[in-house]
Amino acid sequence: MRLARLALSLFLAASVLSSCAPQDKGHATPEAAEELALISTVLPEIGIDEILELPAADEIHLLLADFAATADAGLASTPSGITMLHLACLFKKPELARCLMLDKADPNATTAQGDTPLALAVAMRGAEDDTVTAESVIRLIDVLVAGGADITRHTAEDMPLLNYAGLNCYSEEVFLHLLDTGCPQDETTCQAPAMMGWNKALKRMLDSGAAAAPHARETMLLMAAANLHKDTVEILLDAGADVNGGRLAGTTPLLEAASHLLSPAEEEESAHKAAVLDVCALLIKRGADPYLAEMRQEESVAFCAADILSKNAATVEGMKARGVDIAPRAIEFTQGIELLEAVGKASTLEQQVQPEAFDAIAQVLSPTPEMRQHHLYHEVLPMAVEILHGIDPARTARLVAAMPEWTSREAWEKGAGAHLLQEITKCGQLVLPKSILCLAAEHRLQAGEVDAAADLVELLARCPDAQAEIDHYSHHEARSFRAGAMAARLHQAGLPTPRDGDVELWLTNRNRNADSPAVQKALLLTSLSRLWYGDMLPAEQEQMLAAMEEIGASEAALHYRGIVQAMDDPDKLDQLTANSDSWKFELEIATGQFILDNAPAFLTPTTENTD
């Protein structure tokens, strides 16, 4: 309804604007009217308040309605101070802006946030339609400057307009045009071309002496390397930038470039990884020292560029192919805080750890008070378990079982317990005594951490002597325990567990299709993320809800039906998903029982329907 009202307001405003006679408002054109009307197709109903930093979008609706009624180009909304000219600039409508200024709109009007029309014109925020090009932005800038816009005025962030454009317009053409227009510069203006990889603008500014300030070229080199602009890096090195510059900031251009490979997602993307290696190889060939500085992301383990570039064989080979040989630096497992750093580095860099390092790394599982209090301890603890498990699972299990974390309130509050539990779940051969699992599960239930309690009970499936405990928890009054026991029974039977995505993963791992009605139903019941992310058609949603009812999860069906109906109402969704543990575990238990009851359909696939 609000969107319809907005479109109506814009249509009325366009009608008024286009029908104005010279003696009235006088300067409207059909093109300006069309631009005003087009705003309705690009103005987001949800999000305009965030774009313009308003408490609510209603203010814009009122401004448009007032303009539709009066065609007064000088109107400003209250309390933000936004004018129709600001809106024209936000959505890059140059003819509308020209006509508004001819009708006395102030080209230097400032909003309460400090934005001028010119600042909104050069920023790409709000430009949601495909018609916005560098040419249309340049035309808008020219219109504003011709109408009296002050290019020397700083933006709301107290930046020169040229600096602001460099960070927000994403167009070298626009940046160069502002440079030609005479926008003032300061000693940091030259950083934007380096960061964006705008080599034409960069060369022009270097030739003009704009990067003469101390360390200016080094700062630019850091930015170019961090953003993987190889050609820009080469330009700056040729211009005399120190290849190891940036040490005052605790980093180097090489380390900035190499650090991209610390992100698994970035390393897996082949084109991106190639760009990282290209820049790193160039810097090393030009004299960069890969051991010069270390990077510590927040409070995690520190790495130098050589550590990162030798983290695996593929990366080492990639550097060799580019003419650079990086030898892995040996990690020494000593003791104390240095041991925490070493374990964290070995885990993150996926280094192969030799069996003789077991005893040294095992110190992490029985730490000194200094180690336990260190900020790295809770992060490194699960890493140590993973490494030790890879060397000797049985010995690791004994050490883990002896740790106080299982019943330590402080350890769980700091996240160590949860991280440890997650790591043990991944280490399939790590079997803890049933007494430890039961005691820890009871502690977590008392602390209200029902998911952890269920996960601990589920781990009983690994214990050959825990059948009685699993049977006991199967009839426990706490649904979390019953859900954990159900998952344990499914593991024992070689069946998929009943959580979101588990059946799909189980089928994928066995190269199976959903080859029977029972398997299809279980797959549907465990496809909740598809429901949440809108990937499920209404008919399939109804099938899922009906399936929940059929297996006896009526409470879950009721809540999920409400969720389906409230997808566009965040407040209602919050209400529906609050205190969801009860019906979440109800669905898991009921789905698990359905899978158990239909075990033959899972364990004896239809031959013709397998891949």
Side-chain angles (χ1 to χ4, degrees), residues 27 31-32 35-36 38-39 42-43 48 50-54 59-60 63 67 73-77 80-129 131-186 188-193 196 198 201 205:
H27 301 97
E31 183 184 352
E35 287 184 347
L36 179 59
L38 282 174
I39 289 179
V42 296
L43 174 67
I48 186 63
E50 286 88 355
I51 290 171
L52 290 174
E53 300 183 28
L54 299 173
E59 194 176 319
I60 298 301
L63 174 63
F67 183 70
L75 287 172
S77 62
S80 71
I82 290 168
T83 68
M84 287 300 299
L85 184 57
H86 284 104
L87 286 183
C89 293
L90 179 69
F91 294 106
K92 316 300 179 272
K93 304 301 180 188
E95 181 62 10
L96 176 60
R98 187 185 73 83
C99 290
L100 287 167
M101 287 188 294
L102 289 174
D103 284 338
K104 309 306 181 186
D106 183 357
N108 295 303
T110 304
T111 69
Q113 296 291 335
D115 286 321
T116 64
L118 198 49
L120 292 181
V122 301
M124 291 308 292
R125 55 178 169 155
E128 302 294 332
D129 66 323
T131 64
V132 175
T133 62
E135 290 74 16
S136 63
V137 174
I138 288 170
R139 181 185 168 201
L140 178 58
I141 291 169
D142 289 343
V143 164
L144 290 167
V145 172
D150 183 0
I151 61 173
T152 68
R153 181 176 292 191
H154 280 208
T155 65
E157 291 79 5
D158 196 27
M159 286 186 191
L161 181 67
L162 190 58
N163 298 33
Y164 182 78
L167 296 174
N168 292 279
C169 75
Y170 314 127
S171 168
E172 185 175 18
E173 291 178 66
V174 173
F175 185 85
L176 286 168
H177 186 74
L178 287 169
L179 203 58
D180 292 335
T181 305
C183 276
Q185 306 174 38
D186 67 11
T188 65
T189 305
C190 54
Q191 294 175 8
M196 302 301 292
W198 294 340
M205 298 190 80

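Hydrogens, waters and symmetry mates play no part in the numbers below; they use all other heavy atoms, side chains included. Not measured: the values here are computed from a predicted model.
Panel note: side chain K92, backbone L90; a donor-acceptor pair is recorded below 3.5 Å. Formation of a donor-acceptor pair under 3.5 Å by the S77 side chain with backbone atoms of S80 is not found in this model. Between the E35 side chain and the L96 main chain, a donor and an acceptor come within less than 3.5 Å of each other. In this structure, the side chain of H177 does not engage the main chain of I141 through any donor-acceptor pair within 3.5 Å. Looking at R153, its side chain does come within 3.5 Å of a backbone N or O of N108 through a donor-acceptor pair.
In this structure, the side chains of L63 and L75 come closer than 4.5 Å at one or more pairs of heavy atoms. Side-chain atoms of M101 and L144, non-hydrogen and from C-beta on, do get closer than 4.5 Å to each other. Residues I82 and I60 meet the side-chain proximity criterion, which asks for heavy atoms closer than 4.5 Å. Counting heavy atoms from C-beta outward, V132 and V137 have side chains that approach closer than 4.5 Å. Side-chain contact check for L100 versus F67: some heavy-atom pair is nearer than 4.5 Å.
Between G166 and W198 the shortest heavy-atom distance is O-CH2, 3.6 Å. Heavy atoms only, all atoms of each residue included: P107 and G147 are closest at CG-O, 3.4 Å. Minimum interatomic distance between P94 and L140 (heavy atoms only, all atoms of both residues): CA-CD1, 3.7 Å. Counting all heavy atoms, side chain and backbone alike, C169 lies closest to F175 at SG-N, 4.4 Å. The nearest pair of heavy atoms linking A109 to T83 is CB-CG2, 4.3 Å.
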C89 vs L118, side-chain contact (heavy atoms from CB on, under 4.5 Å): CA-CA, chis, key distance, verdict: CA-CA 7 Å; C89 293; L118 198 49; over 6 Å; no
Pair L179-Q185, side-chain contact (heavy atoms from CB on, under 4.5 Å): steps then yes or no: CA-CA 9 Å; L179 203 58; Q185 306 174 38; 3.3 Å; yes
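Residue T181 is tested with V145, L162, L176, L161 for a side chain to side chain contact (heavy atoms under 4.5 Å, CB included); the sole match is V145.
Residues T111 and Q113 bring no donor and acceptor atom of their side chains to less than 3.5 Å of each other. Checked by atom type, the side-chain pair T155/E157 shows a donor-acceptor distance below 3.5 Å.
With rounding to the nearest 0.5 Å, the separation of NZ in K104 from CG in L85 is 14.0 Å. Between E173 atom CD and L178 atom CG the span is 12.0 Å, to the nearest 0.5 Å. Here D103 contributes atom CG and M84 contributes atom CE; the two are 11.5 Å apart, rounded to the nearest 0.5 Å.
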